[in-house]
Undergrad: 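My questions will all concern the structure given below.
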Amino acid sequence: AMPLSQLLIRDHLVSTFGWTAAGMWQAVTKISDMYLMIITTTLTVYYLPRLAEITDAHILRKEIAKVYRFIMPVTIVGAAAVYLLRNWLINMLFTAEFTSMIDLLGWQLIGDIVKIGSWVLGFVMLGKAMTKSYVITEILFSFSLVGITYALTPMFGLKAAVIAFLINYVLYWICIAMILNKSVYR
């Protein structure tokens with residue numbers, strides 16, 4: 001669902017702002033994907049197997065808190081480093097024409113922090129074999145990202161795509177927390 005939603009967003013940005021603007025958005029998302037790969041690999045290799053072996057709700061809560069204490073500071077430092085090195089990174093990875101993507105980068109990086117925070121809980125659904133809930137929320141929030149982007153475009157222009165990304169992951173985090181509160185933490 002996420003690749004399809006990204007295609008829909010890209011097509012919306014192309015038709016609304018043109019290929020150059022859509023390229024700016026895609027460049028921002030690629031920078032995001034690159035530095036978050038380290039964090040998501042850690043979650044997949046360590047955290048997911050650990051969640052699968054935990055059977056006690058109290059121990060599960062402690063493990064989630066432990067992961068938050070490690071992952072969130074690492075994510076924040078990573079996002080801050082990307083932001084502080086933004087000019088250098090853009091010049092190294094892209095051409096001078098991409099410097100206007102700096103306007104999008106801050107929103108994207110804040111969204112990345114929220115995304116990782118929400119994924120810490122999302123991985124609990126995977127680790128606890130809550131497949132149906134996981135698939136439904138992934139599909140629902142992939143397409144809500146498209147809807148929020150479309151809705152915010154008249155107000156925020158191209159920034160709507162990255163602001164929608166942030167809002168969507170805040171909503172996802174809340175939703176996952178509510179699902180886990182009802183089914184896993186009891």
Side-chain angles (χ1 to χ4, degrees), residues 1-13 25-26 28-79 107-152 160-186:
M2 188 53 78
L4 178 59
S5 68
Q6 288 181 328
L7 282 173
L8 293 170
I9 291 169
R10 189 204 60 197
D11 289 348
H12 170 68
L13 297 177
W25 170 74
Q26 284 198 291
V28 167
T29 62
K30 290 304 170 199
I31 287 174
S32 176
D33 291 345
M34 283 187 267
Y35 89 93
L36 288 182
M37 188 182 310
I38 297 164
I39 295 164
T40 57
T41 301
T42 302
L43 289 174
T44 304
V45 172
Y46 165 76
Y47 186 53
L48 190 56
R50 176 72 180 121
L51 291 171
E53 70 185 18
I54 297 173
T55 56
D56 181 80
H58 177 70
I59 294 171
L60 177 62
R61 282 192 291 276
K62 287 178 94 172
E63 184 66 24
I64 292 167
K66 179 176 131 184
V67 169
Y68 271 127
R69 283 191 304 272
F70 172 75
I71 279 297
M72 294 311 288
V74 168
T75 306
I76 292 166
V77 167
W107 288 103
Q108 179 71 32
L109 295 171
I110 295 167
D112 288 344
I113 294 166
V114 174
K115 175 182 178 177
I116 294 301
S118 70
W119 277 21
V120 169
L121 295 184
F123 270 68
V124 174
M125 289 195 326
L126 283 175
K128 295 297 163 197
M130 298 173 65
T131 309
K132 183 178 176 182
S133 296
Y134 182 79
V135 169
I136 290 169
T137 56
E138 286 298 308
I139 291 170
L140 175 70
F141 283 97
S142 291
F143 291 108
S144 72
L145 176 59
V146 175
I148 296 169
T149 301
Y150 279 47
L152 295 181
V162 288
I163 293 170
F165 175 77
L166 169 60
I167 291 169
N168 196 59
Y169 272 106
V170 167
L171 297 173
Y172 179 73
W173 198 348
I174 292 167
C175 179
I176 299 301
M178 289 172 25
I179 290 169
L180 293 177
N181 194 42
K182 285 185 175 183
S183 59
V184 175
Y185 297 143
R186 294 180 175 211

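Residue numbers count from 1 along this sequence. Every value quoted in this text rests on a predicted model; they were computed, and no experiment measured them.
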Undergrad: For side chain to side chain contact (heavy atoms under 4.5 Å, CB included), just list the numbers for Phe70 and Ile39, CA-CA rounded to whole Å, side-chain angles, deciding distance to a tenth of an Å, and then say yes or no.
TA: CA-CA 10 Å; Phe70 172 75; Ile39 295 164; over 6 Å; no

Undergrad: Under the side-chain contact (heavy atoms from CB on, under 4.5 Å) test against Val146, which residue among Asp11, Leu7, Leu8 passes?
TA: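 When side-chain contact (heavy atoms from CB on, under 4.5 Å) is applied between Val146 and each of Asp11, Leu7, Leu8, only Leu8 qualifies.
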
Undergrad: Out of curiosity, Thr131 OG1 to Glu138 CD, how far, rounded to the nearest 0.5 Å?
TA: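 Result: 12.0 Å between the selected atoms.
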
Undergrad: Closest heavy-atom contact between Thr44 and Leu48?
TA: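 Between these two residues, the closest heavy atoms are O-CB, 3.7 Å.
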
Undergrad: Restricting to non-hydrogen atoms, name the atom on Leu109 and the atom on Ala79 that form the minimum distance, rounded to 0.1 Å.
TA: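 Closest approach of Leu109 to Ala79, heavy atoms only: CD1-O, 3.5 Å.
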
Undergrad: Which pair of heavy atoms, one from Ala161 and one from Ile9, lies closest together, and at what distance?
TA: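 Closest heavy-atom pair between Ala161 and Ile9: CB-CG2, 4.3 Å.
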
Undergrad: As an exercise, state the distance from CG of Asn168 to CG of Leu171, rounded to the nearest 0.5 Å.
TA: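 The distance works out to 6.5 Å.
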
Undergrad: Compare every heavy atom of Ile113 with every heavy atom of Met72, then report the nearest pair and how far apart it is.
TA: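 Closest approach of Met72 to Ile113, heavy atoms only: CE-O, 3.5 Å.
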
Undergrad: Scan residues 30-59 for pairs that pass ring pair (Phe, Tyr, Trp, His ring centres under 6.0 Å), counting only residues two or more places apart or in two chains.
TA: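 The answer is none; no pair qualifies.
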
Undergrad: Verify side chain to side chain contact (heavy atoms under 4.5 Å, CB included) between Thr42 and Val74, making sure each step is shown before the conclusion.
TA: CA-CA 11 Å; Thr42 302; Val74 168; over 6 Å; no

Undergrad: Name all residues meeting the side chain to side chain contact (heavy atoms under 4.5 Å, CB included) criterion together with Met2; count only those two or more places apart in sequence or in a different chain, and write none if there are none.
TA: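 Residues passing side chain to side chain contact (heavy atoms under 4.5 Å, CB included) with Met2: Ser5, Gln6, Ser142, Leu145, Tyr169.
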
Undergrad: Please tell me if the side chains of Thr137 and Cys175 come closer than 4.5 Å, counting only heavy atoms from C-beta onward.
TA: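 In contact.
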
Undergrad: For atom CH2 of Trp107, is the number of surrounding heavy atoms from other residues, nucleotides or ligands below 6.0 Å larger than 12?
TA: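 At most 12 heavy atoms, drawn from other residues, nucleotides or ligands, come within 6.0 Å of this atom.
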
Undergrad: Just to verify, what does Phe123 make a ring-ring contact (aromatic ring centres under 6.0 Å, His included) with, not counting sequence neighbours?
TA: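 None.
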
Undergrad: Are more than 12 heavy atoms, taken from residues, nucleotides or ligands other than Ile38, located less than 6.0 Å from that residue's CD1 atom?
TA: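 No - once you tally the heavy atoms of other residues, nucleotides and ligands closer than 6.0 Å, there are 12 at most.
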
Undergrad: Tell me the closest heavy-atom pair linking Ile148 and Ala164, and the distance in Å.
TA: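 Scanning both residues completely, I find the closest heavy atoms to be CG2-CB, 3.4 Å.
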
Undergrad: So, does Asp112 use its side chain to make a donor-acceptor pair with the main chain of Thr75 at under 3.5 Å?
TA: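 Answer holds: no.
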
Undergrad: What is the distance from atom CD1 of Ile54 to atom CZ of Arg50, rounded to the nearest 0.5 Å?
TA: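 One gets 4.0 Å once the value is rounded to the nearest 0.5 Å.
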
Undergrad: What distance separates Lys115 NZ from Gln108 CD, expressed to the nearest 0.5 Å?
TA: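 Result: 7.5 Å between the selected atoms.
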
Undergrad: Considering only heavy atoms from C-beta outward, does the side chain of Val170 approach that of Leu166 to under 4.5 Å?
TA: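 Of all side-chain heavy-atom pairs linking Leu166 with Val170, at least one is under 4.5 Å.
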
Undergrad: Atom OH in Tyr150, atom NE2 in His12: separation rounded to 0.5 Å?
TA: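 So the OH of Tyr150 and the NE2 of His12 are separated by 6.0 Å.
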
Undergrad: Could you tell me whether the side chain of Leu43 reaches within less than 4.5 Å of the side chain of Val67, counting heavy atoms only?
TA: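 Result yes, sub-4.5 Å side-chain heavy-atom pair found.
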
Undergrad: Is any side-chain heavy atom of Leu36 closer than 4.5 Å to a side-chain heavy atom of Ile116?
TA: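 When only atoms from C-beta onward are counted, Ile116 and Leu36 do touch, with a gap below 4.5 Å.
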
Undergrad: Roughly how far, to the nearest 0.5 Å, is OG of Ser133 from CG of Leu140?
TA: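 Nearest 0.5 Å value for the CG-OG distance: 11.5 Å.
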
Undergrad: Could you check Leu180 against Lys128 for side chain to side chain contact (heavy atoms under 4.5 Å, CB included), going step by step and ending with a plain yes or no?
TA: CA-CA 10 Å; Leu180 293 177; Lys128 295 297 163 197; over 6 Å; no

Undergrad: Shortest non-hydrogen contact from Tyr68 to Gly117?
TA: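 Scanning both residues, the minimum pair turns out to be OH-O, 2.6 Å.
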
Undergrad: Would you check if Thr29 and Phe165 make a side-chain contact, meaning some heavy-atom pair closer than 4.5 Å?
TA: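 They are not in contact (no side-chain heavy atoms under 4.5 Å apart), so the answer is no.
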
